Protein chains: 2
Amino acid sequence: MSKPNPAASPPKHDVFQAIADPTRRGLLLLLVDQEMPVTAISSHFPMTRTAVSKHLRILEEAGLVKERKVGRETRYRLDADPLRELKSWLAFYERFWENKIESLRRYVESDDTDPQQQGEDAAKS
Amino acid sequence: MSKPNPAASPPKHDVFQAIADPTRRGLLLLLVDQEMPVTAISSHFPMTRTAVSKHLRILEEAGLVKERKVGRETRYRLDADPLRELKSWLAFYERFWENKIESLRRYVESDDTDPQQQGEDAAKS
DNA sequence: TTGACATGAAACCAAATGGTTTCGTATACT
DNA sequence: AGTATACGAAACCATTTGGTTTCATGTCAA
């Protein structure tokens, strides 16, 4: 009925969508073990500070990043916690690619002649 | 040498971007254990067949879905394999939220008040 | 106080995205 | 042969997205 809403983190933005952009993934990586102000962050990317700032906001709305005001600067740091949702989403599918590995293993062990026969797309190109 | 080269799927579209859309995630879920033709698939979504078809194409370009022509219909099925990339991307960040769990656990053990009630960042200040 | 630095807000823009309708074509059914 | 079904392609449209430039505000340093 009522979703548990496990923590008081109301993700205004989807974590799936947040990590869809390569720049945003780069930001997460950069902030992985250090807290950084915007200008320093943006020096690592080929776009304006403002653009980076907007990406940071999206990450923040997804809960993937926390900001802290220090004097005249705003420092950001990673918060990997929302990625747990991604993890659990992924976990569901894990068995399906494991199946695939299984069948590939069986295939390799049996004999490696004529992959075409097994159909599938193993030999598609 | 004569190995099938298991990663013979050149992903034209990003898997990150492919799963960013909720409709597309719904499609993956639907195709998880059955192969289905487009019309049957689209009956599960509140949009036109053509729209669903376009989503399927994006999934296909990301390698997350395989298509097979059977008579006049095109049947789609899940291929979870590209999700392994996501998994390895995620694996890197795992230790960061584990840190967080660790500290939360320590926090909980030191005092038995329900952390839920206090909101997640109770320890923040 | 004056000026430099750090940042966000706003207005703006081009391209991508998610959707639609229309139409053509291949396959199946009688 | 003729009709219905399954589908993709194309043209089109509104909104979102990712980026820019400009401007206002707050803070630090001399």
Side-chain angles (χ1 to χ4, degrees), chain A residues 11-31 34-79 82 86 121 124, chain B residues 11-31 34-79 82 86:
Chain A
K12 292 188 54 181
H13 248 78
D14 204 331
V15 64
F16 288 93
Q17 194 181 324
I19 65 162
D21 185 276
T23 298
R24 249 126 52 196
R25 293 198 297 278
L27 283 167
L28 294 183
L29 201 53
L30 182 62
L31 298 175
Q34 45 185 338
E35 187 185 58
M36 286 178 81
V38 178
T39 302
I41 294 171
S42 75
S43 75
H44 293 263
F45 295 87
M47 65 188 70
T48 61
R49 174 187 51 79
T50 311
V52 169
S53 194
K54 287 208 266 183
H55 281 301
L56 286 168
R57 177 157 312 273
I58 289 172
L59 289 174
E60 208 257 16
E61 284 171 355
L64 284 165
V65 121
K66 297 295 182 205
E67 63 175 70
R68 181 173 66 115
K69 289 285 197 75
V70 176
R72 60 181 159 181
E73 53 189 30
T74 309
R75 299 193 187 154
Y76 286 88
R77 69 180 187 285
L78 175 72
D79 181 358
L86 226 188
D121 33 271
K124 189 168 142 197
Chain B
K12 292 187 55 179
H13 248 77
D14 205 332
V15 64
F16 288 92
Q17 194 181 324
I19 65 163
D21 185 276
T23 298
R24 251 131 45 199
R25 293 199 297 277
L27 283 168
L28 294 182
L29 201 52
L30 182 63
L31 297 175
Q34 45 185 338
E35 187 184 57
M36 286 179 80
V38 178
T39 302
I41 294 171
S42 76
S43 74
H44 293 263
F45 295 87
M47 65 190 71
T48 61
R49 173 186 52 80
T50 310
V52 170
S53 194
K54 287 207 268 183
H55 280 302
L56 285 168
R57 177 157 313 274
I58 290 172
L59 289 174
E60 208 257 17
E61 283 171 355
L64 284 165
V65 122
K66 297 294 183 205
E67 62 175 70
R68 180 172 66 116
K69 289 287 197 74
V70 176
R72 62 181 159 181
E73 52 188 31
T74 308
R75 298 191 189 157
Y76 286 88
R77 69 182 189 286
L78 175 74
D79 181 357
L86 226 189

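To find a chain, count down the sequence lines: A is the first, B the second, and so on, and within it residues start at 1. Small disclaimer: the values here were computed from a predicted structure and weren't measured.
- Sorted by first then second residue, the salt bridge (charged side-chain N to carboxylate O under 4.0 Å, His left out) pairs that include residues 45-58 of chain A, not counting sequence neighbours, number zero.
- Scanning for side-chain hydrogen bond (donor to acceptor under 3.5 Å, both in side chains) contacts around B:Glu67 gives B:Tyr76, with sequence neighbours left out.
- For the segment residues 19-26 of chain A, residues with any heavy atom less than 4.0 angstrom from an atom of DNA chain D are, sorted by number, A:Asp21, A:Arg24.
- Note: CD (A:Gln17) to P (D:dT16) measures 11 Å, nearest angstrom.
- Here B:Leu30 contributes atom CG and B:Thr23 contributes atom OG1; the two are 12.0 Å apart, rounded to the nearest 0.5 Å.
- Looking at residues two or more places apart in sequence or on another chain, you find a side-chain contact (heavy atoms from CB on, under 4.5 Å) between B:Leu29 and A:Phe92, A:Tyr93.
- Scanning for side-chain hydrogen bond (donor to acceptor under 3.5 Å, both in side chains) contacts around A:Gln34 gives an empty result, with sequence neighbours left out.
- Residues forming a side-chain hydrogen bond (donor to acceptor under 3.5 Å, both in side chains) with B:Gln17 (at least two apart in sequence, or on another chain): none.
- By the salt bridge (Lys or Arg N to Asp or Glu O under 4.0 Å) test, A:Glu60 is found to be paired with no residue, residues two or more places apart in sequence or in another chain being considered.
- In this structure, B:Glu61 places its CD atom 14 Å from P of C:dA16, rounding to the nearest Å.
- Within the 4.0 Å cut-off from OP1 or OP2 of C:dG19, at least one side-chain nitrogen or oxygen of B:His55 is found.
- Phosphate proximity of C:dT21 to B:Thr48: absent, as no side-chain N or O sits under 4.0 Å from OP1 or OP2.
- Side-chain atoms of A:Leu31 and A:Leu59, non-hydrogen and from C-beta on, never get closer than 4.5 Å to each other.
- The separation between B:Leu56 atom CG and D:dA9 atom C1' is 16 Å, rounded to whole Å.
- Checked against side-chain hydrogen bond (donor to acceptor under 3.5 Å, both in side chains), A:Arg72 has no partners two or more places apart in sequence or in another chain.
- The minimum heavy-atom distance between A:Leu64 and A:Ala18, with the atom names listed, is CD1-CB, 3.9 Å.
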Write down the protein N/O and nucleotide N/O pairs, taken from nucleotides 25-27 of chain C, whose separation is under 3.5 Å; answer none if there are no such pairs.
from	atom 1	to	atom 2	distance (Å)
C:dT27	O3'	B:Arg72	N	3.3

Write out a two-atom table: protein N or O, nucleotide N or O from nucleotides 8-12 of chain C, distance below 3.5 Å.
from	atom 1	to	atom 2	distance (Å)
C:dG8	OP1	A:Tyr76	OH	3.4
C:dG8	OP2	A:Ser53	OG	2.6
C:dG8	N7	A:Arg49	NH1	3.3
C:dG8	O6	A:Arg49	NH2	3.4

